[in-house]
Student: 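Below are the structure tokens for one structure; questions will follow.
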Amino acid sequence: MTYPWASGEVLTAADLNAYAGLVLVKTQTIGTAVASVTVSNAFSSTYDNYRIVIGGGVGSTAITLSLQLGASTTAYYGVVTYATYAATGTPLSAGDNNAAKWTTIGYAASGLLQASFDLINPNLATWTSINAASWAAQTVAGTFNGVHQVSTAYTDFTLGVNTGTLTGGTIRVYGYNNG
Amino acid sequence: MAEWTRDELVALYLDGTVNVQVDDEVRPMTTEEWSTWIDGQVGQPKPEEPGA
């Protein structure tokens, strides 16, 4: 059956599978006072691209969140561009240049834990990119984009911190339906 | 800009109070893991914002 569906038509499983947009793949609750959270079996050949949304918890201090694919600790490149809410001065940037992980993919503080971003091709044996990792902190907000220049397929990822610990919240992994 | 000292970090995050999580399993860092984790933060600035 072809979208848009008409009144009276019977939707089959095949129809629903074909037209699902984002599909929830995995939900992981974050524990108490953790410095890292590894989410295993998040990526598979079922989906090429993913959205990861993290929220609901808090940080022990002001924390930038990091992301690592599998056990890979090299060839992470990326740049965060951010500006103050006062919008004074020139927007600033900071980069990961062949780093051991992506270092600014989200933010946590005493009042929030927050990240939302797309991963393109993490389970394909090609480079993986992270796009539109947008976050909001106490006085600034920014966006992170980058690429992991290793042609390996990953199933797991690890959420980390630059300092401090995380408590509570949920990591949700959605797959973009390949159609 | 102020930087983290080891004493400050140890006071904030006592050995045995920092955990690592793999899926639903949460366990305390071993003393060796904790010490390495503390050392990795010593000398880092205390930014409230990335790159600040």
Side-chain angles (χ1 to χ4, degrees), chain A residues 26-42 59-66 78-85 91-96 100 103-110 135-144 156 158-167 171, chain B:
Chain A
K26 187 153 188 177
T27 299
Q28 180 61 58
T29 301
I30 299 172
T32 300
V34 297
S36 66
V37 183
T38 298
V39 179
S40 61
N41 299 314
S60 62
T61 182
I63 295 169
T64 54
L65 305 179
S66 64
V79 63
V80 60
T81 304
Y82 60 101
T84 67
Y85 296 134
L92 302 171
S93 64
D96 295 328
T103 60
T104 319
I105 60 93
Y107 188 84
S110 59
W135 51 264
Q138 290 160 322
T139 62
V140 303
T143 302
F144 182 90
D156 309 343
T158 297
L159 177 71
V161 299
N162 73 322
T163 187
T165 59
L166 308 174
T167 293
I171 302 169
Chain B
M1 175 177 295
E3 297 178 345
W4 290 113
T5 68
R6 199 173 205 286
D7 287 345
E8 288 174 326
L9 291 162
V10 168
L12 279 173
Y13 307 106
L14 297 175
D15 187 9
T17 67
V18 180
N19 300 310
V20 291
Q21 179 174 354
V22 178
D23 295 325
D24 291 329
E25 180 185 347
V26 180
R27 64 163 179 84
M29 286 182 172
T30 65
T31 296
E32 184 178 3
E33 288 172 333
W34 170 82
S35 184
T36 300
W37 180 75
I38 290 286
D39 288 343
Q41 300 171 71
V42 172
Q44 288 192 20
K46 302 177 185 176
E48 293 197 348
E49 320 299 358

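Reminder, nothing fancy here: chain letters follow the sequence lines and each chain counts from 1.
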Student: Below 4.5 Å, heavy-atom pairs only: which of A:Asn41, A:Thr158, A:Thr29, A:Ile30 has the largest tally toward chain B?
Tutor: A:Ile30

Student: Which residue pairs pass the salt bridge (Lys or Arg N to Asp or Glu O under 4.0 Å) test when at least one of the two sits in residues 11-26 of chain B, sequence neighbours left out?
Tutor: A:Lys26-B:Asp23

Student: Can you name the side-chain contact (heavy atoms from CB on, under 4.5 Å) partners of B:Leu12, sequence neighbours left out?
Tutor: B:Trp4

Student: What parts of residues 32-42 of chain B touch chain A if we use heavy atoms and a cut-off under 4.5 Å?
Tutor: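 The list, in residue order, reads B:Trp37, B:Gln41.
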
Student: Using modelled atom types and a 3.5 Å cut-off, is there a donor and acceptor pairing between side-chain atoms of B:Gln21 and backbone atoms of A:Gly31?
Tutor: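 A pair under 3.5 Å: yes.
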
Student: Taking side chain to side chain donor-acceptor pair (under 3.5 Å) as the test, write out the residues that go with A:Asp156, two or more places apart.
Tutor: none

Student: So which of A:Thr84, A:Leu166, A:Ile171, A:Thr163 has the biggest tally of heavy-atom pairs under 4.5 Å with chain B?
Tutor: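 Among A:Thr84, A:Leu166, A:Ile171, A:Thr163, the one with the most close pairs to chain B is A:Thr163.
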
Student: In terms of heavy-atom pairs under 4.5 Å with chain A, which of B:Val18, B:Leu9, B:Val26, B:Asn19 leads?
Tutor: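 Top count of heavy-atom pairs under 4.5 Å with chain A: B:Asn19.
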
